[in-house]
Amino acid sequence: MKYGLLGKSLKHSYSKEIHELLGYYKYEYFEEDDLDRFFKRKDINGINVTIPYKEDVIKYLDEMSEDAKKIGCVNTIKFSDTIKGYNTDIDGMEYMISRIVDLKGKEVVILGDGATSKTAVECAKRLQARTIKVISRKGEHKFEDVHYYKNCDVLINATPVGMYPNNLKSVIKLGKIRPKAVFDVIYNPNKTSILMDCDRLKIPNDNGLRMLVYQAVKACEIFTSKKIDDDVVENIVQKIRTKNMNIALVGMPGSGKSTVAKIIAKNTDKELVDIDKIITERYGNINDIFAVQGEKYFRKIESEVLEEFSKEKNLVIATGGGAVTVKKNFYYLHQNSVVYWIDRPNSKLSRKNRPIYKTNTMREIRQNRNYLYRRFSDKYFNNYNAKKTAKLIVEDFNETIYY
Ligand SMILES: Nc1ncnc2c1ncn2[C@@H]1O[C@H](COP(=O)(O)OP(=O)(O)O)[C@@H](O)[C@H]1O
Ligand SMILES: O=C(O)C1=C[C@@H](OP(=O)(O)O)[C@@H](O)[C@H](O)C1
Ligand SMILES: [Mg+2]
């Protein structure tokens, strides 16, 4: 019995993890250049199909489901007496959307015109949207004209722009359009720049993880002829988020970020990334950097290191106390992290080896930064006792990533 995913570059896929959590079979990755060769294999029972083969596989099929025919894309194939293609992406998309908004009678704008966009169009039709506009780079309606649809109800990003490792790229700016709900089929990073802007503007949104898990569950049902509960979907979504998302700490210099982050890493399977430590390893002592090249240069390299690490997964990130003074660091951090502000009273803050306290008093720093710590963080904890703080943060993280 062989099950797996057919595609070209599958390093970052979550499919193996999802299917194996379902527990019915082992799941392999088939990275193939030659589809003729693959479809000659006799040992395959079921596969999922991903970029770039969702249309290319059609010629090898004996039958197709109605949805697959309508969309013209196949993401699931069952091999029995015949080879039958299905599209369960559309079911995943329906699940993702319908948890948040009823599409009936709504004006929908879809970004992109590739395979996922075709799925989104059929999904919007199935859910009885009033109007469906596809905008793309080269099509009839263009990304730069997105402002024509300023008052649309629902926006769906069906492009891969902004997907890891090209984090924070986006085909449109949300300011030009004010939908009432937004969906992004991307799930790595957890939040694309569009979704972070939605959070800021309190626009309901979801990323593509639920769609991904749900399409896998529907594929599994096809493979095994078993019915799987929606609870299982939510359970897997939570497990993947717990494993993939980061915990990031911000707060005053000397408030215990490095200490608490170390304890969290010890007590979870998350890897510790102390931004100051990496800067020291790469560029030398932080006191010397402040003394020789100055604070501005330090902020530049701090941002670069933060950008590099904060798009990775399953980390505990201890930031330096001044990370909040650079605006773009907000986006670096929030794409994959729940951000915690930890604090201690001024009298308890450590000054040792902290060049920032040479040029500014503690009061000044607090005055300049407290509102930034508040703005940057999702939650606040008084770091009264480092072990306790670490424990409370992990508990909170496990609860809050479930949304
Ligand atoms: N809750 C706490 N109680 C007492 N000392 C603490 C606590 N948290 C951290 N410390 C101590 O404070 C100092 C600064 O901690 P550190 O983790 O380096 O802070 P930051 O990374 O925020 O600058 C260290 O000596 C650390 O052991
Ligand atoms: O607050 C700041 O401006 C700084 C805090 C330090 O990190 P800690 O907060 O870990 O002390 C370190 O990044 C650097 O000395 C600058
Ligand atoms: Mg530190």
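Here, residue 1 is the first one in the sequence, and each next residue gets the next number. First listed ligand is number 1; within each ligand, the first listed atom is number 1. Just so it is clear, the structure is predicted and the values come from calculations on it, not from any experiment.
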Applying a strict 4.0 Å limit to heavy atoms, is G251 in contact with ligand 1? no
For atom 6 (C) of ligand 2, which protein heavy atom lies nearest, and how many Å away is it? D276 OD2, 3.4 Å
For atom 2 (C) of ligand 1, state which one of R354, R344, K262, R351 supplies the nearest heavy atom. R344
Looking only at distance, does V260 have an N or O less than 3.5 Å from an N or O of ligand 1? no
May I ask you to check whether Y24 and F223 place their ring centres under 6.0 Å from each other? no
Considering heavy atoms of the protein only, find what lies nearest to atom 16 (C) of ligand 2 and give residue, atom and distance to 0.1 Å. F290 CZ, 3.8 Å
Would you mind checking which non-hydrogen protein atom is closest to atom 5 (C) of ligand 2, with the distance to 0.1 Å? G321 N, 3.3 Å
Atom 15 (O) of ligand 2 - nearest protein heavy atom and its distance: P355 CD, 3.5 Å
Return yes or no for this condition: an N or O of M252 is under 3.5 Å from an N or O of ligand 2. no
Please assess K191 against N205 for the test side chain to side chain donor-acceptor pair (under 3.5 Å), listing each intermediate value before the final yes or no. CA-CA 10 Å; K191 297 267 177 189; N205 66 84; 3.1 Å; yes
At the 4.0 Å heavy-atom cut-off, does A318 count as touching ligand 1? no
Return the residue, atom name and 0.1 Å-rounded distance of the protein heavy atom closest to atom 11 (O) of ligand 2. R354 NE, 2.6 Å
Backbone or side-chain N or O of E295 under 3.5 Å from ligand 2 N or O: no
For atom 20 (P) of ligand 1, what's the nearest protein heavy atom and its distance? K257 N, 3.5 Å
Tell me, which protein residue and heavy-atom name are nearest atom 1 (O) of ligand 2, and how many Å apart are they? R369 NH1, 2.7 Å
Strictly under 2.8 Å, is any N, O or S atom of S258 next to the Mg ion (ligand 3)? yes
Just heavy atoms, cut-off under 4.0 Å: does K352 contact ligand 2 by side chain, backbone, both, or neither? neither
Using the six-membered ring wherever Trp is involved, compare the ring planes of Y27 and Y29 and label them parallel, tilted or perpendicular (cut-offs 30° and 60°). perpendicular
Does the N or O separation between N353 and ligand 2 drop below 3.5 Å for any pair? no
Part of S255 within contact of ligand 1 (heavy atoms, under 4.0 Å): both
Under 4.0 Å from atom 25 (O) of ligand 1, is there any protein heavy atom? no
Y53 versus D33, closest heavy-atom pair with distance: OH-CA, 3.7 Å
Proximal candidate to atom 14 (C) of ligand 2 [heavy atom criterion; set N287, V250, I286]: I286
Can you tell me which portion of D276 lies within the under-4.0 Å heavy-atom range of ligand 1? Options are side chain, backbone, both, or neither. neither
Test of proximity, S258 against ligand 2: N or O pairs below 3.5 Å: no
Residue-level breakdown please: for R351 versus ligand 2, do any non-hydrogen atoms fall below 4.0 Å on the side chain, on the backbone, on both, or on neither? neither
Taking it one step at a time, do Y340 and S377 satisfy side chain to side chain donor-acceptor pair (under 3.5 Å)? CA-CA 5 Å; Y340 292 92; S377 59; over 6 Å; no
Looking only at distance, does P253 have an N or O less than 3.5 Å from an N or O of ligand 1? no
Contact (N/O only, under 3.5 Å) between F298 and ligand 2: no
